[in-house]
Amino acid sequence: MSIAIELAYLIASVLFVLGMKMMNKTKSARQGNRLSALGMFIAIVATLVQIDAISLVEILGCIVLGSAIGLYYANKVEMTKMPEMVAIFNGFGGLASFSVALSDYFLRTEVNMESIELVTVISIIVSVFIGGLTFTGSLIAYLKLNGNISGSPITFKGQHAINLVLFLGFLTAAVFTVMDQTDPMLIIILIVIALLLGVLTVIPIGGADMPVVISLLNSYSGMAACATGFILNNNVLIVAGSLVGASGIILTQIMCKAMNRSLINVLLGGFGQTVNEAQGDGPSITVKEIGVEETAMLFDGVSSVIVVPGYGMAVAQAQHVIRELMEQCEKRKIDFKFAIHPVAGRMPGHMNVLLAEANISYDKLIEMDDINDEFPNTDLVLIVGANDVVNPAARNNPQSPIYGMPILNADKARTVIVSKRSMGKGYAGVENELFGYPNCLMLFGDAKQTITKVVSEMKEM
Amino acid sequence: MSSEALIILIYILVLASFLGFELIAKVPPTLHTPLMSGSNAISGITIVGALLACNEMGYTTISKWLGMVALVLATINVVGGYTVTDRMLKMFKKK
């Protein structure tokens, strides 16, 4: 391979690194993303010059088709649907690496009839495993997020034993593949097990644990690209793949830490299913309701407000009307901020994107550790569609499944209003004792509708 | 692949992973969603492998077909990933 092509790949790698570095500031992030895209363009051009002219037509056809689908989806997708989009794109990345690995395998064994080196065979097997698992796992994550299949954990007896047996079966088939590379039956077994494991490992994991799952699958899609780099002996694939792999792992860690759970605990799944009975005898809580007009009057009379958004805000698409509420408050010189819990929503940073979409300045969005001390001095907290992340049981009830999870200290504010559709439980399946607190008022109804009414009341005041 | 060549690839893998950890740890939580969709686009780098796999003559081989499937998917990932990331980052404004 000529030195010029290798140098082009090096430039692409440097641009990926620079692009990621510029993501550390909101101001430079957009430029960083463009640099990264430029790197990708250079890598693609450097590869295209190695292609025979005859194949060029169908290659361009595939690129045009892929670009059209990508552009259409990227421009059409709603911001509330970003977790779904990232999930399905992780799957595409995994499937692409998986297909490249298999393509290379069949090319070497069936077309060229050559024997494959040990390192390459192992890389092909790894790529098929991670790529296949990423594909079906992401597909299940997508279907769960999109509501096509239930977001609650799907568990059955012997689940983990089956996964273990399948994994051991994969290892066995892998060893035989290394010994006899030409047997297509073995490869088919590897493919089937990899695809099955993707499904089986994600179905027991519940909807609110999806931030962890998506981050992990993101990491896997990078690792699959990395393994493909070892097959093709290509440096840029290894560099880019390991950057993505590292990125996903860090996000996974952040998410687990924010829930005070280990990765293993999340991956074993079934969270929130068994706790109901254990809690059954607890005293039932009585809540106080508040109406739209009283809410508007409360807002009118305070001097500081913190909004705690959660997944329910995304479901109700309430981010825009909350911006209007903010404008009403700012007119009255009320200090208005948002408190963002790291696992609010269905993917890392989900709330931030939704509020940015509603044209809310990002310096209003304060992270948990920076805002927790401010709650005791805050007049009014409005909780929109968040539940477990404000449940004081995490602080003071060692029996609670969420005990130990860092939470937003919303309960310490003078008054708390909870905008909620009904008295349903949070993801962890536990009652939120905050709702029974003397300073807590429930504003029942669809968040978008009720807050719209609050805003129009305030406009008339 | 000679063992020297393999060692170099492993060096690249290990050092790039460390670099990745250092870089990502500094990304603020506000940008975690664009970071994910952006890294999604970067994992589309497998498009390079897909292009090489498509470079097979004739449609008789399964290799060619797999390569073309991979190419379409990787292109979706690259184009869609960068576009949606740009769309998101455009919205992050400070007033």
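What's counted below: heavy atoms across the whole structure, side chains too, no hydrogens, waters or symmetry copies. Keep in mind that what you see is a predicted model, and the values were worked out from it rather than measured. Every chain is numbered from 1, with letters handed out A, B, ... down the list of sequences.
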Chemist: Which answer fits Val17(A), side chain, backbone, both or neither, if we ask what part of it has an atom under 4.5 Å from a heavy atom of chain B?
Modeler: both
Chemist: Could you walk me through whether Thr83(B) and Tyr73(A) pass the side chain to side chain contact (heavy atoms under 4.5 Å, CB included) check?
Modeler: CA-CA 9 Å; Thr83(B) 310; Tyr73(A) 198 9; over 6 Å; no
Chemist: Just so I understand: if I count every heavy-atom pair under 4.5 Å between each of Gly222(A), Gly93(A), Ala37(A), Gly61(A) and chain B, which residue has the most?
Modeler: Ala37(A)
Chemist: Specify which of Leu355(A), Thr120(A), Asn90(A), Leu56(A) makes the most heavy-atom pairs with chain B at under 4.5 Å.
Modeler: Asn90(A)
Chemist: Determine the option with the most heavy-atom pairs under 4.5 angstrom with chain A, choosing from Gly80(B), Gly20(B), Ala70(B), Ser63(B).
Modeler: Ser63(B)
Chemist: Give, as side chain, backbone, both or neither, the part of Ile254(A) having an atom under 4.5 angstrom from any heavy atom of chain B.
Modeler: side chain
Chemist: Which value, rounded to the nearest 0.5 Å, describes the distance between Tyr82(B) atom OH and Leu38(A) atom CG?
Modeler: 9.5 Å
Chemist: If I measure from the heavy atoms of chain B, does Met82(A) come under 4.5 Å with its side chain, its backbone, both, or neither?
Modeler: side chain
Chemist: Which pair of heavy atoms, one from Asn24(A) and one from Lys26(B), lies closest together, and at what distance?
Modeler: CB-O, 3.4 Å
Chemist: So for Lys27(A), is it side chain, backbone, both, or neither that comes closer than 4.5 Å to the heavy atoms of chain B?
Modeler: neither
Chemist: Should we say atom CZ of Phe98(A) is surrounded by more than 12 heavy atoms from elsewhere, each under 6.0 Å from it?
Modeler: yes
Chemist: Shorter than 4.5 Å, heavy atoms on both sides: which option in Thr30(B), Val14(B), Ile8(B) has the most such pairs with chain A?
Modeler: Thr30(B)
Chemist: Ignoring hydrogens, what is the shortest heavy-atom contact between Ile42(B) and Met20(A)? Give both atom names and the distance.
Modeler: CD1-CE, 4.0 Å
Chemist: Is any side-chain heavy atom of Lys64(B) less than 4.5 Å from a side-chain heavy atom of Ser55(A)?
Modeler: yes
Chemist: Starting at CD1 of Ile47(B), measure out to CD1 of Ile44(A) and round the result to the nearest 0.5 Å.
Modeler: 4.0 Å
Chemist: Measure the shortest side-chain to side-chain distance between Met88(B) and Asn33(A) over non-hydrogen atoms and say whether it is less than 4.5 angstrom.
Modeler: no
Chemist: So do the side chains of Phe89(A) and Ser37(B) get within less than 4.5 Å of each other, counting heavy atoms only?
Modeler: no
Chemist: Do Ser247(A) and Leu35(B) have side chains that approach each other closer than 4.5 Å (heavy atoms only, starting at C-beta)?
Modeler: yes
Chemist: Just how far is it from atom CE of Met22(A) to atom CG of Leu31(B), taken to the nearest 0.5 Å?
Modeler: 12.5 Å
Chemist: Can you say whether Ser13(A) sits under 4.5 Å from chain B via the side chain, the backbone, both, or neither, judging by heavy atoms?
Modeler: neither
Chemist: Atom CG in Asn235(A), atom CD1 in Ile12(B): separation rounded to 0.5 Å?
Modeler: 3.5 Å
Chemist: What heavy-atom pair brings Ile51(A) and Leu51(B) nearest, and what distance separates the two atoms?
Modeler: CD1-O, 3.4 Å
Chemist: Given heavy-atom pairs under 4.5 angstrom as the criterion, report whether the side chain, backbone, both or neither of Leu15(B) touches chain A.
Modeler: neither
Chemist: Heavy-atom cut-off 4.5 Å, strictly under: side chain, backbone, both or neither for Leu13(B) against chain A?
Modeler: both
Chemist: Identify which part of Val353(A) has an atom lying under 4.5 Å from any heavy atom of chain B, answering side chain, backbone, both or neither.
Modeler: both
Chemist: Pick from Ile249(A), Asn352(A), Leu118(A): which one has the most heavy-atom pairs with chain B under 4.5 Å?
Modeler: Asn352(A)
Chemist: At a 4.5 Å cut-off on heavy atoms, which part of Val69(B) comes close to chain A: side chain, backbone, both, or neither?
Modeler: side chain
Chemist: Where is the tightest heavy-atom contact between Leu23(B) and Leu243(A), given as atom of each residue plus distance?
Modeler: CD1-CD2, 4.5 Å
Chemist: Quick one: of Ala225(A), Ala74(A), Pro83(A), who has the most non-hydrogen atom pairs under 4.5 Å with chain B?
Modeler: Ala74(A)
Chemist: So what's closer than 4.5 Å to chain B heavy atoms on Asn218(A): side chain, backbone, both or neither?
Modeler: side chain
Chemist: Can you measure from CD1 (Ile62(B)) to CZ (Phe106(A)) and round to the nearest 0.5 angstrom?
Modeler: 4.5 Å
Chemist: Using atom types as modelled and distance alone, determine if a side-chain donor or acceptor of Ser99(A) lies under 3.5 Å from a backbone N or O of Gly67(B).
Modeler: no
Chemist: Select one option (side chain, backbone, both, neither) describing which atoms of Met351(A) are under 4.5 Å from chain B's heavy atoms.
Modeler: neither
Chemist: Below 4.5 Å, heavy-atom pairs only: which of Ile10(B), Val27(B), Ile45(B) has the largest tally toward chain A?
Modeler: Ile45(B)
Chemist: Decide yes or no for Met79(A) and Arg87(B): does some side-chain heavy atom of the first lie under 4.5 Å from some side-chain heavy atom of the second?
Modeler: yes
Chemist: Given heavy-atom pairs under 4.5 angstrom as the criterion, report whether the side chain, backbone, both or neither of Ala50(B) touches chain A.
Modeler: both
Chemist: Please rank Leu102(A), Leu95(A), Ile88(A), Val77(A) by heavy-atom pairs under 4.5 Å with chain B and give me the top one.
Modeler: Val77(A)
Chemist: Check the pair Leu6(B) / Glu117(A) against side chain to side chain contact (heavy atoms under 4.5 Å, CB included), numbers first and verdict last.
Modeler: CA-CA 12 Å; Leu6(B) 177 63; Glu117(A) 279 182 80; over 6 Å; no
Chemist: Locate the shortest heavy-atom distance separating Asn77(B) from Phe92(A); write the atom from each residue and the value.
Modeler: ND2-C, 3.9 Å
Chemist: Return the CD1 to CD distance between Ile24(B) and Gln253(A), rounded to the nearest 0.5 Å.
Modeler: 12.5 Å
Chemist: Please give me the minimum heavy-atom distance between Pro29(B) and Glu367(A), naming the atom from each residue.
Modeler: CD-OE2, 3.3 Å
Chemist: Side-chain contact test, heavy atoms from C-beta onward, threshold under 4.5 Å: evaluate it for Leu52(B) versus Gln50(A) and give yes or no.
Modeler: yes
Chemist: Can you name the one residue among Ser127(A), Ser97(A), Ser221(A) that meets side-chain hydrogen bond (donor to acceptor under 3.5 Å, both in side chains) with Thr46(B)?
Modeler: Ser97(A)
Chemist: Which region of Thr26(A), side chain (C-beta onward) or backbone (N, CA, C, O), has a non-hydrogen atom less than 4.5 Å from a non-hydrogen atom of chain B, or is it both or neither?
Modeler: both
Chemist: Identify which of Leu365(A), Val236(A), Asn75(A), Asp104(A) forms the greatest number of heavy-atom pairs closer than 4.5 Å to chain B.
Modeler: Asn75(A)
Chemist: Is chain B contacted by the side chain of Ile63(A), its backbone, both, or neither, given a heavy-atom distance below 4.5 Å?
Modeler: both
Chemist: Between Met36(B) and Ile214(A), is there a side-chain heavy-atom distance shorter than 4.5 Å?
Modeler: yes
